[in-house]
Amino acid sequence: MNFFSRLAAIAIFMLTAATAMPNELKCSVEINADKVQNTAGETFSSLKEAITEYLNTTAFTTAHYSPVEKIECRLFFTVNDYTDNTVSGTLQIQSSRPVYGSSYTTTLLNFKDNDISFAYTPGERIVHSLNSVESSLSALLDFYAYLIIGLDGDSFAPKGGDGAYELAAQIVQLARNTGDKGWRAIDDNRNRASLLTGITEGASSAIRTLYYDYHRKGLDIMSVSPDKGRAAITEALDALPDIAQAAPMSVILSMFRDTKLDELTNIYSKGSRDERADVYKMLVDIYPTEAARLEPIKESKD
């Protein structure tokens with residue numbers, strides 16, 4: 001991957017508005033419909049094909065990503081019910097980005113949307129629009145596309161996701177008028193609207209600076225200087241206790257837990273004893289139920 005071309009793409013998007021450009025995502029889609037009747041198999045095959053084509057061909061921004069620079073992501077749908085052409089269930093969203101100077105890719109988003117619902121008939125075309133909600137499905141896909149692009153941008157440049165988050169907020173504003181679940185933060189502090197609010201507003205928005213410092217100043221440096229990179233990550237993590245104190249129920253904390261805790265146990269496997277002890281205490285204070293998961297940080301050997 002041309003790492004610095006990715007930085008240039010982020011810079012271009014920060015300065016321009018959306019037009020038709022080569023798309024940003026390289027997305028795989030999976031649909032588990034084991035809970036519904038087998039007679040709907042063709043429907044879900046058609047749905048998978050439609051979503052895959054939509055996400056991998058739609059230009060969501062002006063940023064020009066070559067095929068090797070696209071943001072890798074994965075959507076995993078679990079269908080709980082399919083009645084009257086309406087799909088209901090959950091959606092797991094994951095995205096990643098490369099780490100400079102290595103073959104390693106780091107996860108940027110690992111989030112489960114527990115309440116999705118949309119109408120779909122086989123062969124239906126998904127239409128992209130920034131000015132209206134063409135369908136519940138297109139709104140859902142557009143929202144997560146912009147969230148993925150925003151988090152990717154934040155990891156490469158300070159506030160690099162601004163433009164994408166603004167477009168995601170526009171979708172939320174339009175979609176909340178449909179009456180569909182998930183578009184009003186006031187209804188659920190862990191739905192998609194709450195996730196966007198957590199990233200962009202209030203004390204929890206410090207996650208954006210954390211993401212830049214963690215990835216650009218930390219992980220991207222580790223191939224050259226592991227100690228310097230890890231120290232930058234340790235400093236970046238200082239934002240977490242402030243978020244936890246100001247917004248202890250924020251979905252941002254659970255998003256970070258699901259996205260980064262396993263990676264952190266690997267990062268600190270070669271840290272100094274004091275560094276590991278400090279990071280372990282800080283994380284276990286925020287995530288007490290994850291003590292066993294975090295134990296390798298404390299137990300790593302010098």
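Side chains are part of it too, since the values below use all heavy atoms of this structure and drop only hydrogens, waters and symmetry mates. All of these numbers come straight from a predicted model, not from anything done at the bench.
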Pairing residues for Glu201 by the salt bridge (charged side-chain N to carboxylate O under 4.0 Å, His left out) criterion, not counting sequence neighbours: none

Any residue meeting ring pair (Phe, Tyr, Trp, His ring centres under 6.0 Å) with Phe143, in chain and number order, not counting sequence neighbours: Trp183

Atom pair CG (Leu141) and OG (Ser135), whose distance is rounded to the nearest 0.5 Å: 7.5 Å

Check: Glu69/Ser66 side-chain N/O donor and acceptor closer than 3.5 Å: yes

Side-chain heavy-atom pair Asp278, Thr234 within 4.5 angstrom cut-off: no

Beyond-backbone contact of Asp238 with Leu210, side-chain heavy atoms, under 4.5 angstrom: no

Side chain to side chain contact (heavy atoms under 4.5 Å, CB included) between Ile51 and Leu137, intermediate numbers included: CA-CA 9 Å; Ile51 293 174; Leu137 177 56; 4.3 Å; yes

Side-chain heavy atoms of Ser205 within contact of Thr200, under 4.5 Å: no

Enumerate, atom names and distances included, each donor-acceptor pair closer than 3.5 Å involving a side-chain atom of residues 73-81, sequence neighbours excluded.
residue, atom, partner, partner atom, Å
Arg74, NE, Glu30, OE2, 3.0
Arg74, NH1, Gln94, OE1, 3.4
Arg74, NH2, Glu30, OE2, 3.0
Asn80, OD1, Lys35, NZ, 3.1
Asp81, OD1, Thr83, OG1, 3.2
Asp81, OD2, Thr83, OG1, 2.8

Main-chain N/O of Asn131 paired to Ser129 side chain as donor or acceptor, under 3.5 Å: yes

Residues, nucleotides or ligands: over 12 heavy atoms within 6.0 Å of Glu134 CD: yes

Asn23 and Tyr54 side chains, donor-acceptor separation under 3.5 Å: no

Tyr212: side-chain contact (heavy atoms from CB on, under 4.5 Å) partners, not counting sequence neighbours: Pro158, Arg216, Lys217

Which residues share a side-chain contact (heavy atoms from CB on, under 4.5 Å) with Lys181, sequence neighbours left out: Asp115

Pair Tyr120 + Tyr82: ring centers closer than 6.0 Å: no

Qualifying residues under side-chain hydrogen bond (donor to acceptor under 3.5 Å, both in side chains), relative to Thr178, sequence neighbours excluded: Asp180

Atom pair CD1 (Ile71) and CD (Glu24), whose distance is rounded to the nearest 0.5 Å: 7.0 Å

Option passing side-chain contact (heavy atoms from CB on, under 4.5 Å) with Thr106 (candidates Val99, Asp220, Thr259): Val99

Ser155 and its side chain to side chain donor-acceptor pair (under 3.5 Å) partner, picked from Arg208, His215, Arg97: Arg97

N/O donor-acceptor pair under 3.5 Å between Glu275 side chain and Tyr268 backbone: no

Modelled atom types, side-chain donor and acceptor of Tyr214 and Glu263, under 3.5 Å: yes

Side chains of Leu253 and Leu240 in contact at under 4.5 Å (non-hydrogen atoms): yes

Worked check of side-chain hydrogen bond (donor to acceptor under 3.5 Å, both in side chains) between Ser223 and Tyr104: CA-CA 10 Å; Ser223 64; Tyr104 178 68; over 6 Å; no

Worked check of side chain to side chain contact (heavy atoms under 4.5 Å, CB included) between Lys298 and Leu294: CA-CA 7 Å; Lys298 186 174 65 173; Leu294 294 166; over 6 Å; no

Residue list, side-chain hydrogen bond (donor to acceptor under 3.5 Å, both in side chains) with Tyr144, at least two apart or on another chain: Asp113

Flag side-chain contact, heavy atom, 4.5 Å: Lys112 against Asn110: no

Verdict with supporting geometry, Asp227 and Arg230, salt bridge (charged side-chain N to carboxylate O under 4.0 Å, His left out): CA-CA 5 Å; Asp227 291 342; Arg230 190 168 52 251; 2.6 Å; yes

Test side-chain contact (heavy atoms from CB on, under 4.5 Å) applied to Arg192 and Leu140, Val251, Val172, Ile171, the passing residue: Leu140

Polar side-chain atom of Tyr165 near backbone of Gly150 as donor-acceptor pair, under 3.5 Å: yes

Euclidean distance, Ser96 OG relative to Leu151 CG, rounded to 0.5 Å: 12.0 Å

Main-chain N/O of Cys27 paired to Asn56 side chain as donor or acceptor, under 3.5 Å: yes

From CA spacing to verdict: side chain to side chain contact (heavy atoms under 4.5 Å, CB included), Asp213, Glu235: CA-CA 8 Å; Asp213 292 342; Glu235 185 174 351; over 6 Å; no

Side-chain heavy-atom pair Leu264, Ile233 within 4.5 angstrom cut-off: yes

Partner set under side-chain hydrogen bond (donor to acceptor under 3.5 Å, both in side chains) for Ser225, not counting sequence neighbours: none

Hphob cluster co-occupancy, Ile148 + Ile126, side-chain heavy atoms under 4.5 angstrom: yes

Verify same cluster id: Val279, Met222 (apolar side-chain graph, 4.5 Å): yes

Contacts of type side-chain hydrogen bond (donor to acceptor under 3.5 Å, both in side chains), residue Ser95, not counting sequence neighbours: none

Backbone N/O of Ala50 and side chain of Glu53: donor-acceptor pair under 3.5 Å: no

Sidechain-backbone polar pair: Ser204 side chain, Gly198 backbone, donor-acceptor under 3.5 Å: yes

Selection residues 282-294 - residue pairs positive for salt bridge (Lys or Arg N to Asp or Glu O under 4.0 Å), sequence neighbours left out: Asp262-Arg293, Lys281-Asp285, Glu290-Arg293

Side-chain touch Pro122/Glu42, heavy atoms, less than 4.5 angstrom: no

Check: Leu147 and Leu196 side chains under 4.5 Å, non-hydrogen atoms: yes

Pairing residues for Arg257 by the salt bridge (charged side-chain N to carboxylate O under 4.0 Å, His left out) criterion, not counting sequence neighbours: none

Side-chain donor-acceptor contact under 3.5 Å, Ser194 with Asn191: yes

Check: Gly218 main-chain N/O paired with Lys228 side-chain donor or acceptor under 3.5 Å: no

Contacts of type salt bridge (charged side-chain N to carboxylate O under 4.0 Å, His left out), residue Asp187, not counting sequence neighbours: Arg184

Aromatic ring proximity Phe60/Tyr146, centre distance under 6.0 Å: yes

Verdict with supporting geometry, Tyr287 and Phe256, side chain to side chain contact (heavy atoms under 4.5 Å, CB included): CA-CA 11 Å; Tyr287 303 109; Phe256 187 85; 3.8 Å; yes

